[in-house]
Amino acid sequence: MNKVVLIFTGGTIAMKVDQSSGGAIPTLTSDDLINTLSGLGDFNNLIAHEYSSMPSPFITPNNMRELADIVEDYLSKDDIKGVTVVHGTDVLEETAFYLNSTVKSNKPIVLTGSMKNASELGYDGLTNLVSSVKVCLSDESIGRGVLVVMNDTINSSYEVTKTHTLSLDTFKSIEFGPLGIIDQDEVIYYRNVSHFKKFSLDNKINNQTHLVKIYAGISNDYLEHLINTGAKGIVLEALGRGNVPPNLITSIDKAVKAGIHIVLVSRCFAGRVLDTYAYPGGGKDLTNHGCILGGSLNGQKARILLMLAISNNLNHNEIKKLFKI
Ligand code: ASP
């Protein structure tokens, strides 16, 4: 039981600069990448699965659903030790969180990519692939949920986010730091994620779940549009501790009464939302109107979890429990 599957979806890691268009485009196949790895050492234990060669802005929840099935299928085989999904970095955290919420296997699952394309000096793709394989092969990685491995660090899909448009050190677990590191041949974990939850939700999607970022002076137009076009769930990326301008209350009330689940998270990079403020639009007022507190998840991950919760037909109280962190 020592094989690692690399599922290639695309991203900068498989791109090179195209002279005619003057920009990076998908170029390298899974075979190209695996062959380059083989030249670097003893990597006979790798299985390549070419899922796609998409930049990650092309990835949809439907792709995530398909990937979850593929990953689960591989991990059910005795000789497979772990799976690495090779992915564009832009929405990598969403696919990682989707897999964390749906795949039931305890075996290591890693997502990785690269920030520099294969035409650039300092291409980080091969290092990240090798590190990911090492993490998959480590017994220490079992039962830690889906992991994101980039730039010699190991992060929980629950906590990690892309923080920088360019830096190789872009993936950060902002509040508590990485779970561990890859140091040459050693995979070292420094901490567990004690609030980590493996949701084991059924792998199905209903795409009527939306994310709205709140800002000073926002009008009701977005919420009214979502209510009128059949939304089933809305994540509000709210201000600070979980507050919105008071003029939104009428639409929020209307949405909740129409059976739309509303989850509150914060647009701050770190920290939980809480029903601290009782003024109109404050967290307490919002929970009184039926909004659900989304803990410390960021907007894009809360949206994935709410989408899965709604697809699994969870009711208001079950969704509340799911988000309680
Ligand atoms: N835009 C690219 C993508 O997400 C960025 C990357 O892979 O790093 O596919």
Side-chain angles (χ1 to χ4, degrees), residues 4-15 30 33 37 46-61 63-72 74-75 80-103 105-115 124-138 141-163 168-173 178-182 187 189 193 196 198-199 203 297-298 300-301 304-305:
V4 174
V5 182
L6 296 175
I7 301 174
F8 291 89
T9 69
T12 297
I13 193 166
M15 294 191 199
S30 54
L33 287 164
L37 274 187
L46 302 183
I47 297 171
H49 179 119
E50 179 127 351
Y51 172 78
S52 67
S53 57
M54 288 189 278
S56 77
F58 291 26
I59 297 272
T60 64
N63 296 124
M64 297 177 196
R65 187 183 55 73
E66 287 175 359
L67 285 167
D69 279 341
I70 296 169
V71 169
E72 192 87 87
Y74 274 118
L75 292 180
I80 304 296
K81 177 98 185 178
V83 169
T84 288
V85 179
V86 184
H87 202 288
T89 59
D90 290 351
V91 306
L92 185 148
E93 68 192 83
E94 280 154 272
T95 300
F97 190 70
Y98 186 102
L99 297 179
N100 190 66
S101 307
T102 52
V103 175
S105 172
N106 248 356
K107 291 182 184 175
I109 303 168
V110 169
L111 271 86
T112 196
S114 78
M115 291 301 287
D124 50 331
L126 296 176
T127 315
N128 289 338
L129 282 176
V130 171
S131 295
S132 300
V133 171
K134 286 178 185 163
V135 170
C136 280
L137 288 171
S138 165
S141 305
I142 297 168
R144 290 185 188 268
V146 176
L147 302 166
V148 173
V149 171
M150 294 274 293
N151 202 38
D152 299 327
T153 61
I154 311 166
N155 292 277
S156 164
S157 56
Y158 204 87
E159 300 175 330
V160 77
T161 195
K162 184 175 180 178
T163 63
L168 303 195
D169 199 23
T170 183
F171 281 94
K172 300 268 189 204
S173 300
L179 300 186
I181 59 167
I182 301 99
V187 173
Y189 287 94
V193 181
F196 159 73
K198 202 149 169 44
F199 299 109
N203 180 26
L297 284 176
N298 66 21
Q300 54 272 30
K301 289 186 205 174
I304 296 279
L305 190 55

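Atoms considered below: every heavy atom in the structure, side chains included; atoms not considered: hydrogens, waters and symmetry mates.
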Side chain to side chain contact (heavy atoms under 4.5 Å, CB included) between Y74 and S105, intermediate numbers included:
CA-CA 10 Å; Y74 274 118; S105 172; over 6 Å; no
Going through the checks in order, is the side chain to side chain contact (heavy atoms under 4.5 Å, CB included) test met by I181 and I154?
CA-CA 6 Å; I181 59 167; I154 311 166; 5.9 Å; no
Any chance the rings of F8 and H87 have centres within less than 6.0 Å?
no
So [Y] and [X], do their side chains get closer than 4.5 Å, heavy atoms only?
X	Y	result
T161	Q300	yes
P55	M15	yes
T89	F171	yes

So does F58 have more than 12 non-hydrogen atoms from other groups sitting under 6.0 Å from CZ?
no
Under the ring-ring contact (aromatic ring centres under 6.0 Å, His included) rule, collect the residues that match up with Y51, sequence neighbours excluded.
none
Where is the tightest heavy-atom contact between [X] and [Y], given as atom of each residue plus distance?
X	Y	value
V193	E159	CG1-OE2, 3.7 Å
A68	V103	O-CG2, 3.9 Å
L147	S156	CD2-CA, 4.4 Å
V133	T84	N-OG1, 4.4 Å
P108	C136	CG-O, 3.5 Å

If you measure from [atom1] on [X] to [atom2] on [Y], what distance do you get to the nearest 0.5 Å?
X	Y	atom1	atom2	answer
S52	I7	OG	CD1	10.5 Å
I47	S30	CD1	OG	12.5 Å
T112	I13	OG1	CD1	5.5 Å
L168	S114	CG	OG	9.0 Å

Can you list everything that forms a salt bridge (charged side-chain N to carboxylate O under 4.0 Å, His left out) with D90? Sequence neighbours excluded, please.
K162
Set of salt bridge (charged side-chain N to carboxylate O under 4.0 Å, His left out) partners for D169, sequence neighbours left out:
K172
Ignoring hydrogens and geometry, is there a side-chain-to-backbone donor-acceptor pair from [X] to [Y] under 3.5 Å?
X	Y	value
N128	G113	yes
S101	L305	no
N63	I59	no
E93	K301	no
T9	V86	yes
T153	M150	yes
S157	F97	no
N100	V146	yes
S173	P178	no
T163	T170	yes

Using the side-chain contact (heavy atoms from CB on, under 4.5 Å) definition, which of the options L37, L33, V85 pairs with L6?
L37
Under 3.5 Å, is there a donor-acceptor pair linking the side chains of N151 and D124?
no
Could you go step by step and tell me if K81 and K107 meet the side chain to side chain contact (heavy atoms under 4.5 Å, CB included) rule?
CA-CA 7 Å; K81 177 98 185 178; K107 291 182 184 175; over 6 Å; no
Evaluate the criterion side chain to side chain contact (heavy atoms under 4.5 Å, CB included) for residue pair N155 and L179; output intermediate values, then yes/no.
CA-CA 5 Å; N155 292 277; L179 300 186; 5.7 Å; no
NZ or CZ of R65 within 45° of Y98 ring axis and under 6.0 Å:
no
